[in-house]
Participant: 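Shown below is the structure under consideration.
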There are 2 protein chains.
Amino acid sequence: MMGIKLTDVAKKAGVSATTVSRVINNYGYLSQKTIDKVHQAMEELNYQPNSMARSLQGKGTQLIGLIFPTVSHPFFGELASKMEAKLFEKGYKTILCDSANDKEKERDYLRMLAANKVDGIIAGAHNLGIPEYENVELPIISFDRYLAEGIPIVSSDSYQGGRLATEHLYQRGGRKIAIITGTNESDSPTNQRLEGYLSILKEHQLEPMVYQFPLDHSPFLKATEIRQILSKNEIDSVFCTDDLTAILVINKAQELGLKIPEDLKVIGYDGTEFVQNYFPQLSTVLQPIDQFVDLLIDLLIKRINNADVDLDNLYQLPVKFMQGQTS
Amino acid sequence: MMGIKLTDVAKKAGVSATTVSRVINNYGYLSQKTIDKVHQAMEELNYQPNSMARSLQGKGTQLIGLIFPTVSHPFFGELASKMEAKLFEKGYKTILCDSANDKEKERDYLRMLAANKVDGIIAGAHNLGIPEYENVELPIISFDRYLAEGIPIVSSDSYQGGRLATEHLYQRGGRKIAIITGTNESDSPTNQRLEGYLSILKEHQLEPMVYQFPLDHSPFLKATEIRQILSKNEIDSVFCTDDLTAILVINKAQELGLKIPEDLKVIGYDGTEFVQNYFPQLSTVLQPIDQFVDLLIDLLIKRINNADVDLDNLYQLPVKFMQGQTS
DNA sequence: CAGGATATGTCAATCGTTTATCATAAATTT
DNA sequence: AAATTTATGATAAACGATTGACATATCCTG
């Protein structure tokens, strides 16, 4: 039933357990001959050191917790997928935690990750009021959201993104420019997209039209509200602070017989590869997902290797506007 | 640096370490008073038993490995997300393994999961020729793909799905019905979709037109090939064996000025919530994702609790056709 | 109040690996 | 040939929790 253990390898290789351990952990004096013998025995027995026993010794688990709202959303799916790939390259394993916008679940996760002695956490969920983050002694890096004092945030320049999108709509002739965004309950840089929008409208002395949908609204509910907004016929442009909402707007506009972009200009936000591949017509603001991944992981690994490295509080990566046919 | 341990709880609660362990593992005689005292101490100290130490004792890690091609694909993203949620409910943690259609990566994962002593594995990747599956002594359940003798497969009735979609296209007047599917290198029930298609064409004595794209083709490449196929103007209907390809077909058809469904009828396959929400117009064959999740997890847990339970080799869940406006 | 049931404690071994300490032996340098 | 350096082994104590064996004390019940 039980697997191969270190002593089995030692026996097979005809050396002592100590020597096998020395080979595995590469310390002390070792002859090449012994190293080869041991490696061969490990291969022949298909030996894998027991992670539990190693980390009991304080070796680190090589486990990283990933806390995101849900990987069923293309944006987080893409982020998680790339994160996982890069972590695996670097020898880490990923524990997936879909917080599902559920505060209690997120707290449970935090406890669970601590109990599992993960080496670090990357958190990008949207729940507020989780004081546990204040006391976590683990290395954490946050994605796009304030968690607690001393936890670095990686995000993009949402203010600039909001400005880019809105100014673009204005340049294309939009004068009744609405924004559809989430309720900014969470203390996240994401809310700056709205600020960017407002700043541009102010510069052009236009009246802002702000629609805020709670994050936990179903797409169906959102679609219904969007239909209502559109059928009032009071707007000529919409800036959606995520691509999926923009797609809903386009769908509903088509149902209502509105021509895009003539009757209605639409801009999204995120620009995942998914949307670029399957909705190439959508104008959107590109978030630098690959750079997010690189930076998040680099920072986390720095923290893991040295708990005292000085990291900035906030890293803001630049965004890019991408012209499609919907604006 | 180090966290709270069992002996700290014992001290705080004023009882012995054995008693604390008895409380945690719920065995032996215990008074309610003691139980409460210990629980209170655990809470006050925010104690979490060290998973490593527990599983060294043979307690099981409560870890489950999830091997899928990539969660950046809406279908697998949804599957993974729901799987993770249900596993968490049942007290399991999910290690995410995106095999990325990379055989070597998948083998590495298998090794890694064994070293981490996961309690079980659910594998739904698409790689062929991984003999390791033959020797894994862990409980495994496969999603939609043959792995090795004795590993149960959960899938849907792809043959029937292929028939449903194709017959529907015929009923709507399609006579030049093409299929776009993957190359059936992987030994998976999925390939039965093609068989279903062929069977219907045969019944109606129509000429099959089969286009097969390798799984690792980029969407861009696929789109280009689709454009070529469509511009030859030889078909009036397409059955795509996944929704995303169907979306590409629709995009390219629009570019070419083809009216849907008049000039071209399109049917997809999968019917994720994502597609239902954001592409409600697409006709598609619904896979029973929720039932997949329930069944996969129930079977796996059965195997975990009793390695000798008799499970079927193949579980085929029914699919449903869903009428949209593209057919 | 005897005797079983209940409640708690002490002690020690165990899980598989790491690592420090000592010991010893061979190989290499001076 | 003596002195180092290199190579390996034997032993044992961790890491944190579990659990069986055994001891003891309190409780309840007939």
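Bear in mind that the values here come from a model prediction, so they are computed numbers and not experimental data. Reminder, nothing fancy here: chain letters follow the sequence lines and each chain counts from 1.
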Participant: Could you state the NZ-C1' distance from A:Lys59 to C:dG16, rounded to the nearest angstrom?
Facilitator: 14 Å

Participant: Does anything in residues 38-70 of chain A pair up under ring-ring contact (aromatic ring centres under 6.0 Å, His included), and if so which pairs, sequence neighbours excluded?
Facilitator: A:Phe68-A:Phe76

Participant: Under 4.0 Å between a side-chain N or O of A:Arg54 and OP1 or OP2 of C:dT18?
Facilitator: yes

Participant: Within this structure, what is the CG-to-P distance between B:Leu56 and D:dT19, rounded to whole angstrom?
Facilitator: 13 Å

Participant: If you compare every side-chain N and O of A:Asn25 against the phosphate oxygens of C:dT18 (OP1, OP2), does one of them come in below 4.0 Å?
Facilitator: yes

Participant: Looking only at side chains, do B:Thr18 and B:Ser21 share a donor and an acceptor under 3.5 Å apart?
Facilitator: no

Participant: Just compare C:dT19, D:dG16, C:dT17 and give me whichever is closest to any side-chain atom of A:Ser21.
Facilitator: C:dT19

Participant: So, A:Ser81 and B:Thr70: side-chain donor and acceptor under 3.5 Å apart, yes or no?
Facilitator: yes

Participant: In whole Å, I'd like the distance from the CG atom of B:Asn26 to the C1' atom of C:dT6.
Facilitator: 15 Å

Participant: If each of B:Tyr27 and B:Met52 is mapped to the nucleotide of DNA chain D with the nearest heavy atom, which maps nearer the 5' terminus, i.e. the 5' end?
Facilitator: B:Met52

Participant: Under the salt bridge (Lys or Arg N to Asp or Glu O under 4.0 Å) rule, collect the residues that match up with A:Glu78, sequence neighbours excluded.
Facilitator: none

Participant: Do you see a donor-acceptor pair shorter than 3.5 Å between the side chains of B:Tyr133 and B:Glu149?
Facilitator: no

Participant: Taking the side chain as C-beta and beyond, is there a heavy-atom pair between A:Ile67 and A:Leu113 under 4.5 Å?
Facilitator: yes

Participant: Starting from C1' on C:dT19, measure out to CG on A:Leu6 and report it in whole angstrom.
Facilitator: 12 Å

Participant: Which atoms of nucleotides 8-13 of chain D (N or O only) lie under 3.5 Å from a protein N or O atom, and what are those distances?
Facilitator:
unit_1 : atom_1 : unit_2  : atom_2 : d
D:dT8  : OP1    : A:Ser31 : OG     : 2.8
D:dT8  : OP1    : A:Thr34 : OG1    : 2.1
D:dT8  : OP2    : A:Ser31 : N      : 2.7
D:dT8  : OP2    : A:Ser31 : OG     : 3.2
D:dT8  : OP2    : A:Thr34 : OG1    : 3.1
D:dG9  : OP1    : A:Ser16 : N      : 3.3
D:dG9  : OP2    : A:Ser16 : N      : 2.9
D:dG9  : OP2    : A:Ser16 : OG     : 3.0
D:dG9  : OP2    : A:Thr19 : OG1    : 2.2
D:dG9  : N7     : A:Arg22 : NH2    : 2.8
D:dT11 : O4     : A:Thr18 : OG1    : 3.3

Participant: Distance check needed: C:dG16 C1' versus A:Asn50 CG, whole Å only.
Facilitator: 6 Å

